[in-house]
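Here is the naming used below: chain letters follow the sequence lines, and residue numbers restart at 1 for every chain. Just so you know, these numbers use all the heavy atoms, side chains as well, and skip hydrogens, waters and symmetry mates.
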Number of protein chains: 2
Amino acid sequence: MKDLTAQQSKVLNCIEESINKTGFPPTRAEICQKLGFKSPNAAESHLRALEKKDIISIAGGSSRGISIKNKKSSSGGSVPVIGLVAAGSATLASENIEREINVDPSLFSKNVDYFLKVKGLSMIEDGIYEDDLVAIHKTTDFKNGDLAVVRTEDDVTLKYIFKENHKLLLKPANKDFDPIHIDLKNESAEVEGIGVGLIRKN
Amino acid sequence: MKDLTAQQSKVLNCIEESINKTGFPPTRAEICQKLGFKSPNAAESHLRALEKKDIISIAGGSSRGISIKNKKSSSGGSVPVIGLVAAGSATLASENIEREINVDPSLFSKNVDYFLKVKGLSMIEDGIYEDDLVAIHKTTDFKNGDLAVVRTEDDVTLKYIFKENHKLLLKPANKDFDPIHIDLKNESAEVEGIGVGLIRKN
DNA sequence: TTTTATACTGTATAAATATATAGTATTTTT
DNA sequence: AAAAATACTATATATTTATACAGTATAAAA
């Protein structure tokens, strides 16, 4: 999905606020009043930009004809939290799920299938701490440098991944930890997913 | 609650249908069209009856200004995201809100009033990066060592806070940044809230 | 470099809309 | 039996509202 500009976000937010508060979408003039614009065309053009980006739809020829597209279901997505130790086997089996949390699926760039609770300090230099919840998008695809959940023959680990031909490099972000080199000719390794975000509880 | 007549129920149903289908309430004319009335006043008087029975409210002087009363509370926890630059003034004013995200309120230890989008690298050594969203619980209370949103005379900043008598220490987590010392006898500073969590989007 | 997108002000107007007024008729409540 | 509510048609109009057109200016993309 295309990113919204700061102003477009404000307009979108203004629409949401209006619907929540009054029960119906705002007029151009109301958007202008709330955001301090002096011309109705300021609102109009932002609305058209949002429409172009498929965020809202505008019913032609009717007042307040704005509706927000792909509204998520009320409860939002419930996403399981899994301990890193357990991530190896049947990842999403219920016995591995520590809890479920509700998150806005639109929060992260890609769909989040589960949160991985981080153990150890191997990624600490890049701001990933013990007990942080790393949002994982399940996929076997990755680009070099992605943060990946990798299942090796005897472990599951969260590292930066680099692949060159049959050689896999799993690189930690901690100088006290050594990178892991895997030769796919001799050993097996599978990418379970990539990290697309992080949640930390203080 | 007073009972609705058959016609009033039809009109109410028509309103609900319109909101579900289009995202906004109907006009008088649209109600007439759907229910086969030939005069806009037919719809009007039914609406006034529904208003009198406290089923709906009608916003005077605005089109489609119908809203159905006692609706369920809106989506779970919708929490605004605010840029650090804007955090100073009218913090939660709509023009400062970049977007809203839905989060599980139980996710963090304390109630989250807003997310602060981090600017700069002053907390990078403790895993708080630029554009991270720090979950802020609005309060003026704090303990020494808390991560606090502090409004000084000319800035708003996110730092570790330590207070001893009239002296305030705002400590960054980056050796390239100097701690800020504030003598409350000479300068003013206010704690706007404390950080209770963090969300990062990759 | 040119084009496209963003981000507005300012003015104007056709169309959409709420809303008042004047009726008629039936049903329900007091 | 009278008053009030219901349930409409019909017409009119002030206001709201969407929307087009003409500009200016800046930033980003091609």
Side-chain angles (χ1 to χ4, degrees), chain A residues 1-15 18-19 21-68, chain B residues 1-15 17-19 21-68 83 85-86 94-99:
Chain A
M1 188 210 289
K2 285 172 192 169
D3 277 339
L4 301 184
T5 67
Q7 292 304 83
Q8 284 163 10
S9 294
K10 281 181 191 171
V11 171
L12 180 59
N13 197 68
C14 181
I15 297 166
S18 173
I19 292 171
K21 198 179 161 191
T22 68
F24 41 88
T27 65
R28 274 59 163 172
E30 283 165 5
I31 293 170
C32 289
Q33 209 194 335
K34 277 194 181 176
L35 300 182
F37 303 152
K38 287 174 185 167
S39 168
N41 193 43
E44 179 73 23
S45 46
H46 283 135
L47 290 174
R48 294 298 162 188
L50 286 168
E51 189 189 34
K52 208 170 190 177
K53 290 180 178 176
D54 218 42
I55 308 295
I56 63 171
S57 67
I58 301 173
S62 71
S63 67
R64 301 178 186 274
I66 305 165
S67 63
I68 298 167
Chain B
M1 189 210 286
K2 285 172 192 170
D3 277 339
L4 300 184
T5 66
Q7 291 303 85
Q8 284 164 9
S9 293
K10 279 182 191 170
V11 171
L12 179 60
N13 200 63
C14 180
I15 297 166
E17 233 173 55
S18 173
I19 293 171
K21 197 180 165 191
T22 68
F24 40 87
T27 64
R28 275 58 164 173
E30 283 166 5
I31 293 171
C32 288
Q33 209 195 336
K34 277 194 180 176
L35 300 183
F37 304 151
K38 286 173 185 169
S39 168
N41 193 43
E44 179 72 24
S45 46
H46 282 135
L47 290 175
R48 294 300 162 187
L50 285 168
E51 190 189 33
K52 209 169 189 177
K53 290 179 178 177
D54 217 42
I55 307 297
I56 64 171
S57 67
I58 302 173
S62 70
S63 67
R64 301 178 186 275
I66 305 165
S67 64
I68 298 168
V85 183
S94 65
E95 62 264 31
N96 295 328
I97 297 173
E98 290 189 8
R99 55 193 297 247

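- The 5' end of DNA chain C is approached more closely, in terms of each residue's nearest nucleotide, by Lys38(A) than by the other of Ala59(B) and Lys38(A).
- One finds a side-chain N or O of Lys53(A) lying less than 4.0 angstrom from the OP1 or OP2 phosphate oxygen of dT6(C).
- For His46(A) and dT6(C), the shortest distance from a side-chain N or O to OP1 or OP2 is not below 4.0 Å.
- For Ser63(A), the side-chain atoms get nearest to dA18(D) when compared with the rest of dA18(D), dC8(C), dA18(C).
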### Message
Using the rule given for side-chain contact (heavy atoms from CB on, under 4.5 Å), can you reason through Ile15(A) versus Leu47(A), listing the C-alpha separation, both sets of side-chain angles and the distance that settles it, and then say yes or no?
### Response
CA-CA 10 Å; Ile15(A) 297 166; Leu47(A) 290 174; 3.8 Å; yes
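- Considering only side-chain N and O atoms, Arg48(B) lies under 4.0 angstrom from the phosphate OP1 or OP2 of dT19(C).
- OP1 or OP2 of dA18(D) has at least one side-chain nitrogen or oxygen of Arg28(A) nearer than 4.0 Å.
- Between Ile31(A) atom CD1 and dT16(D) atom P there is a gap of 17 Å when expressed in whole angstrom units.
- Between Phe37(B) atom CZ and dT24(C) atom C1' the separation is 17 Å, expressed in whole Å.
- Side-chain to base pairing of Thr27(B) with dA16(C): no donor and acceptor N or O lie closer than 3.5 Å to each other.
- For Pro40(B), the listed nucleotide lying nearest its side chain is dT19(C); candidates were dT17(C), dA22(D), dT19(C).
- Here the straight-line distance linking atom OG1 of Thr5(A) with atom CG of Leu50(A) works out to 7.5 Å at 0.5 Å rounding.
- Listed here is the closest heavy atom pair of Pro25(A) and Pro25(B): CD-CD, 4.5 Å.
- When the P atom of dT6(C) is taken as reference, atom NZ of Lys10(A) falls 16 Å away, rounded to whole Å.
- One atom, CD of Glu44(B), and another, P of dT9(D), lie 14 Å apart when rounded to the nearest Å.
- A salt bridge links Glu44(A) to Arg48(A): one of the charged nitrogens lies within less than 4.0 Å of a carboxylate oxygen.
- Side-chain proximity of Ser45(B) to dC8(D), dA10(D), dT17(D): nearest is dC8(D).
- Projected onto DNA chain D by closest heavy-atom contact, Ser62(B) and Thr5(B) fall at different nucleotides, the more 5' of which corresponds to Thr5(B).
- Summarising the local packing, CD of Glu51(A) is surrounded by more than 12 heavy atoms from other residues, nucleotides or ligands at distances under 6.0 Å.
- The listed nucleotides are dA10(D), dA18(D), dC8(C); the one nearest the side chain of Asn41(B) is dA10(D).
- Using a 4.0 Å heavy-atom cutoff across all strands shown, Gln7(A) reaches sugar-phosphate atoms only and no base atom.
- Whole-Å rounding puts the Glu30(B) CD to dA18(C) C1' distance at 13 Å.
- Rounded to whole Å, the distance from CD1 on Ile66(B) to C1' on dA18(C) is 10 Å.
- Rounded to a whole Å, the CD atom of Gln8(A) is 13 Å from the C1' atom of dA28(D).
- Here the P atom of nucleotide dC8(C) and the CG atom of Leu47(A) are 13 Å apart, to the nearest Å.
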